[in-house]
Every structure is written in structure tokens, then in C-alpha cells.
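See structure below.
Not measured: the values here are computed from a predicted model. Hydrogens, waters and symmetry mates are skipped; everything else that's a heavy atom, side chains included, is used. Chain letters run A, B, ... following the sequence lines, proteins first, then strands; residues in each count from 1.
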Amino acid sequence: MKTMPETILLEVDEPLDLDATLGCGQAFRWVRRDGWWEGVVGRQAIRLRQDGRRLEVRGADESFVRHYLSLDLDLEAVISSIDRDPVVHAAIEEVYGLRILRQPLFECLISYLCATNTNIQAVQRRVEAIARHYGERIESDGGQSHAFPDLSSLSHVTDEGLRACRLGYRAAFATRTLSTIIAEPDWFLRLSILPHDEARGELMTLSGIGPKAADCICLFALEQYEAFPVDVWVRRIVCRHYLPALETRSDSPAHYEEFRSFGKGHFGRFAGYAQEYLFGARHRLCP
DNA sequence: CTAATTCCTGAATC
DNA sequence: AGATTCAGGAATT
């Protein structure tokens, strides 16, 4: 599929900060190279570059990019709904225009399974390796790259194969999760129509997917914006600025739940957006 | 319910 | 330069 170079002209009330959006760690296949963001979404190798309200697009058409970046979401309204205290307010100033992407569900699920107990760069390497080993070759502007494989392409993957992709002990979790998903033909369809709490619970039954990964998948692939993932940084930020009383508590599922319900209660329907803004401003909020 | 331990990679530090 | 330390979720006991 050939697509022409395109330029999207953003409206004044259509804020976007592409750097914050693609660089905040929500998706793992974007890299910045000489002024462009290069990434793969589905089977398309895409390049994006923003200059003010001009958004240049290569490798995909405008409607695809608009949807992926969720430009149809009224971000100004979302931001004013979460702008409830000086701390988020500072975060909003820091990464104003950050948008939550609409990621492909399967890739998002496997990516966050790879994301436990590691930093963002390590996850990027793992996801990239899985694509290189098992994904379909696709042509990009310069050379070639690989789409993230679909479920059937990973259905016969072995533990060793995934260990070669540096998943480590997560390889065994991944193969178990793959086999339970494969066992139910419409698993993805069923998941995608469940309400948040049920989708979350269903995800957590999978091997290698705990509360935090489940919340990320709900937020980044299922458009469930009330999801409030609590990673170490969000935990730190909430302890420091909102709930110092929770500081001394150790980690446990019950304590995770306290942070999560704080987020949902304090920020409301778009708590997930608040989470991303806090996370995006983490080095300013927890220096 | 809580606490402790193990799993593994990669970067930083000694 | 090679060893040690640490950051980072989930599962198991």
C-alpha cells in the first residue's frame, strides 16, 4: 500500500505534543531519527514530524494517523476535567498536548507482559526483537522493518525463542498467556466489549499480567480512560504530593488498590490521562 | 491478609 | 576489566 506524503493541519483547539506523546513510554516502537519519529503501527512503517500546528505524515493516511493519535478526542475538555490541583496543573504545563494512543490490542498486551520489572529501553528491545523474529517484513521509506506479529504468528513460539528475544523469565509467562488466548477463538472480541472492571479482571487471569499491566492495557488499547496504572513513579508522585501517609507501606496488591482508587476518585472519568500527565512530568514532580 | 523470595536484563558503579 | 549493585512487576510460598 503506497501512501502519499501528507500534512495534517491541526486546529487551534486540537492540541498535540508529538514528542511527549511518542516519547513518554506508552508505546515501544517509536524512535526519533533526524528530526522524525519513526515507528511501526499495524503493518505500516510510519514517520511523523510536528512543526507547530503542522503534522507531517509519511507511510499512512491522515485518517489512520488521526485515529491512532486520537485527535478526535476533545483533549482540552479532558485536561480541564483532570486539572483539579496544583500538582497535576504543573504536570499539565510540562507535557501539555500529550495524548494517549490507540494501540493495537495484541501488541499492547504482549508489550506490557514484557514490561514487568524493567525499564523502557529494555522493553523496546524486546518488542523490537519479537517483531524482527516473528513479524512480517514490511517496507519503509529507507530500508525495511517488521510489523509486530499477530496471534497466529506467535502461536507456535517456544520458550527458547522468546528468551532469545531477551524476555528472560517472562518467556514462560508469555507462552502460557498465548496458549490461553488461542484456546478461545474470540478472546479479543470478548475482551474488547467488557466494561473496565471486568476487562481488567480478565486480563489479570493471564500469566504475567498483574494489576499494573492490566491497567496499562485497558488504558492504551481499550480506550478505558478511567484506568489508573500505578508504577513506581506514579506511586512515588502520589506518596510525595497527595498521600504521604502511604509512604511507609510496603508493596502489595492491597496497597496497589489504595493508589488506584485514589486516582480514580480524585481525577474521575479520565484518571488515566491524569496518570499519564503525572508520569510524563515525573522528573519535575520527583526530582 | 502480609511478608519474603525468586525470576532476568541492562545500566551504573565500584 | 571484571565483579557488584540496583531498578523494575508478578508469581509463589
Side-chain angles (χ1 to χ4, degrees), chain A residues 23-32 103 106-134 157-181 191 197 199-222 224 227-240 243 245-263 271-272 275-276 278-287:
Chain A
C24 71
Q26 61 178 315
F28 300 100
R29 296 209 66 195
W30 289 97
V31 291
R32 233 173 124 67
Q103 297 189 43
F106 180 59
E107 174 175 347
C108 187
L109 169 58
I110 300 301
S111 297
Y112 280 94
L113 195 156
C114 293
T116 65
N117 219 16
T118 26
N119 55 35
I120 293 169
Q121 296 90 296
V123 185
Q124 287 172 337
R125 250 174 260 123
R126 290 174 187 140
V127 174
E128 200 61 48
I130 292 172
R132 210 172 40 240
H133 284 87
Y134 303 106
V157 161
T158 61
D159 194 75
E160 300 78 52
L162 291 174
R163 279 175 179 272
C165 298
R166 325 260 74 185
L167 296 224
Y169 64 88
R170 302 161 197 82
F173 294 156
T175 53
R176 282 178 59 187
T177 282
L178 286 167
S179 65
T180 79
I181 292 174
L191 183 77
D197 287 339
R200 182 174 192 271
E202 183 71 34
L203 285 163
M204 285 172 57
T205 67
L206 298 172
S207 165
I209 304 293
K212 132 89 167 135
D215 284 330
C216 288
I217 297 160
C218 289
L219 184 58
F220 300 133
L222 295 176
Q224 293 173 354
F228 192 82
V230 183
D231 70 343
V232 286
W233 283 100
V234 171
R235 188 195 153 98
R236 258 173 227 156
I237 293 165
V238 171
C239 282
R240 161 96 63 113
L243 300 171
L246 295 187
E247 179 84 69
T248 56
R249 307 281 242 287
S250 66
D251 270 320
S252 80
H255 294 148
Y256 183 96
E257 199 45 40
E258 294 195 51
F259 286 96
R260 184 170 94 93
S261 67
F262 159 77
Q275 188 271 1
E276 273 310 283
L278 293 173
F279 183 81
R282 62 192 176 282
H283 294 119
R284 170 158 170 191
L285 298 176
C286 281

Take A:Arg176 and A:Val232, find for each the nucleotide of DNA chain C with the closest heavy atom, and name the residue whose nucleotide sits nearer the 5' end.
A:Val232
Nearest heavy atoms of A:Tyr256 and A:Val230, plus distance in Å:
OH-N, 3.1 Å
Picking from C:dA10, B:dG10, C:dG9, the nucleotide nearest the side-chain atoms of A:Asp231 would be C:dG9
To the nearest Å, how far apart are A:Glu160 CD and B:dC8 C1'?
16 Å
Quick one: closest heavy-atom pair of A:Tyr134 and A:Cys165, and the distance?
CE1-SG, 4.2 Å
Begin with the C-alpha distance, continue with both residues' side-chain angles, and end with the deciding distance and a verdict on salt bridge (Lys or Arg N to Asp or Glu O under 4.0 Å) for A:Glu257 and A:Arg260.
CA-CA 5 Å; A:Glu257 199 45 40; A:Arg260 184 170 94 93; 3.2 Å; yes
Angle by which the axis turns from one end of the helix from B:dA3-C:dT13 to B:dC14-C:dG2 to the other, five pairs per end, to 10 degrees
40°
Of all heavy-atom pairs linking A:Ser111 and A:Val127, the shortest is OG-CG2, 3.6 Å
Between C1' of C:dG9 and CG of A:Asp215, the distance in whole Å
13 Å
With a distance cut-off below 6.0 Å to the six-membered ring centre and an angular limit of 45° from the axis, does A:Arg176 pair with A:Phe173 as a cation-pi contact?
no
Classify A:Leu113 by what it touches in the nucleic acid, base, sugar-phosphate, or nothing, heavy-atom distance under 4.0 Å.
nothing
Does atom CZ of A:Arg32 have more than 12 heavy-atom neighbours from other groups under 6.0 Å away?
yes
Starting at CZ of A:Phe28 and ending at P of B:dG10, how long is that distance when rounded to a whole Å?
15 Å
A:Ala227 backbone acceptor or donor facing A:Asp215 side chain under 3.5 Å
no
Integer-rounded Å distance: B:dC8 C1' and A:Arg125 CZ
13 Å
Look at the side chain of A:Arg200 and the backbone N and O of A:Asp197, then say whether any donor-acceptor pair between them is shorter than 3.5 Å.
no
When we call it a touch if two heavy atoms are under 4.0 Å apart, what does A:Pro211 touch: a base, just sugar-phosphate, or nothing?
sugar-phosphate
Tell me: CZ of A:Phe173 to P of C:dG9, nearest whole Å?
14 Å
If only side-chain N and O atoms of A:Arg170 are considered, is one of them under 4.0 Å from the OP1 or OP2 phosphate oxygen of C:dA10?
no
Describe the nucleic acid contact of A:Ala172 in one word from base, sugar-phosphate, nothing, applying a heavy-atom distance below 4.0 Å.
nothing
Value in whole Å for how far the P atom of C:dA10 lies from NZ of A:Lys212
7 Å
Write down the distance between CG (A:Leu246) and C1' (B:dT2), rounded to a whole number of angstrom.
16 Å
Nearest whole angstrom, please: distance from the C1' of B:dC7 to the OH of A:Tyr169.
6 Å
According to a strict under-4.0 Å criterion, is A:Arg166 in side-chain N/O contact with OP1 or OP2 of B:dG10?
yes
If you check every side-chain atom of A:Ala122, which of B:dG10, B:dT2, C:dG9 has the closest atom?
B:dG10
Just to be sure I understand the rule, does A:Leu167 reach a base, reach only the sugar-phosphate, or reach nothing, if contact means heavy atoms closer than 4.0 Å?
nothing
So if I take every side-chain heavy atom of A:Ala254 and compare against C:dG9, B:dA11, B:dT2, which nucleotide ends up nearest?
B:dT2
